[in-house]
Amino acid sequence: MLVMSDSYIDRDQGLDEGQQWLEKLLNLAKIPAKVIAQQQEDSYWLIIDETNLTPEQVSVLVGVDGKVIDAIQYLTNTILNISNNDSEQHFAYTVEIAGYRARRQEELLLMAEYAAKKVRLTGQEYELTSLSSTERRQIHTMLQDCEDLETYSHGQEPDRRLVVKIRN
């Protein structure tokens, strides 16, 4: 029972640390915003409250093709987990603003469905480009239950690509 209690304390602490760290980063960037921290399934969501931000500030935080929000998320995960050598105690943080992650998830699902349909129709491999490593992993996961298809990544960053093909 004590171990379970400690686990909850660690989770709450991870959530609080994530919220405080991201708010501090935003303040240093001269974009003061509140962060709403939520635990969802197996990750922590740090949602930047855009209520008092201008559309330009929101746009800057998302960046072209989500590169800035991805970088913020990468920094958040790296910094907050750096001192934790126990991989079971690593916390996965997702940084969200203005529904960007939800919209992007829908776009990725449509891309995965299109790729699967194209491969099934033509029998040819189909490459998806311009995806972050996280997005490639999400599409791998979306298609993993398709018994007739397989996915793999090839190439080197920043030109790494996800390939969908008929399973041999």
Passing option when L22 is tested against L75, L80, I48, N27 for side chain to side chain contact (heavy atoms under 4.5 Å, CB included): I48
Start with the C-alpha distance between V58 and T54, add both sets of side-chain angles, then the distance that settles side chain to side chain contact (heavy atoms under 4.5 Å, CB included), and finish with yes or no. CA-CA 6 Å; V58 172; T54 66; over 6 Å; no
If a pair satisfies ring-ring contact (aromatic ring centres under 6.0 Å, His included) and one of its residues is in residues 124-168, list it, with sequence neighbours excluded. Y114-Y126
Please check if the side chain of E127 supplies one atom and the backbone of V163 the other of a donor-acceptor pair under 3.5 Å. no
Ion pair check, K24 and E17, cut-off under 4.0 Å: no
Same cluster or not: are Y100 and M111 linked, directly or through other Ile, Leu, Val, Met, Phe, Trp or Tyr residues, by side-chain heavy atoms under 4.5 angstrom apart? no
Any donor-acceptor pair under 3.5 Å linking the side-chain atoms of W45 with those of Q38? no
The test is side chain to side chain contact (heavy atoms under 4.5 Å, CB included); show your working for Y93 and I72 and say whether it passes. CA-CA 10 Å; Y93 295 93; I72 292 170; over 6 Å; no
Where do E23 and A33 come nearest, in terms of heavy atoms and distance? CG-O, 3.6 Å
Pairwise distance CD(E147) to CG(L149) - rounded to 0.5 angstrom: 10.5 Å
How close do M142 and A112 get, counting heavy atoms only, and between which atoms? SD-CB, 4.0 Å
Rounded to the nearest 0.5 Å, how far apart are OG1 of T51 and CG of L53? 8.0 Å
Quick check: closest heavy atoms across F91 and N77, and the distance to 0.1 Å? O-OD1, 3.4 Å
Taking atom CG of D148 as the centre, report whether more than 12 heavy atoms of other residues, nucleotides or ligands fall under 6.0 Å from it. yes
Shortest non-hydrogen contact from I97 to I69? CG2-CD1, 3.5 Å
Is any side-chain heavy atom of C146 less than 4.5 Å from a side-chain heavy atom of R120? yes
Working to the nearest 0.5 Å, report the span between CD of Q57 and CG of N52. 9.5 Å
Can you give me the closest heavy-atom contact between R160 and G155, atom names plus distance? NH1-O, 2.6 Å
Candidate pair L46 and T94, rule side chain to side chain contact (heavy atoms under 4.5 Å, CB included), full reasoning: CA-CA 6 Å; L46 301 175; T94 300; over 6 Å; no
Kindly determine whether R136 and E157 satisfy salt bridge (Lys or Arg N to Asp or Glu O under 4.0 Å), including the steps that lead there. CA-CA 12 Å; R136 286 192 304 272; E157 295 293 353; 2.5 Å; yes
How long is the gap from CD on E96 to CG on D49, to the nearest 0.5 Å? 12.0 Å
Heavy atoms of S130 and E135 approach each other most closely as O-OE1, 4.2 Å
I would like to know whether V35 and I47 meet side chain to side chain contact (heavy atoms under 4.5 Å, CB included); could you show each step before the answer? CA-CA 5 Å; V35 173; I47 304 162; 5.9 Å; no
What's the spacing between Y74 OH and I79 CD1 if we round to 0.5 Å? 9.0 Å
Taking only Lys NZ, Arg NE, NH1 and NH2, and the carboxylate oxygens of Asp or Glu, determine whether D70 and R101 approach each other closer than 4.0 Å. yes
What about V95 and L108, same hydrophobic cluster or not, with Ile/Leu/Val/Met/Phe/Trp/Tyr joined at side-chain heavy-atom distances under 4.5 Å? no
Euclidean distance, L131 CG relative to E107 CD, rounded to 0.5 Å: 11.0 Å
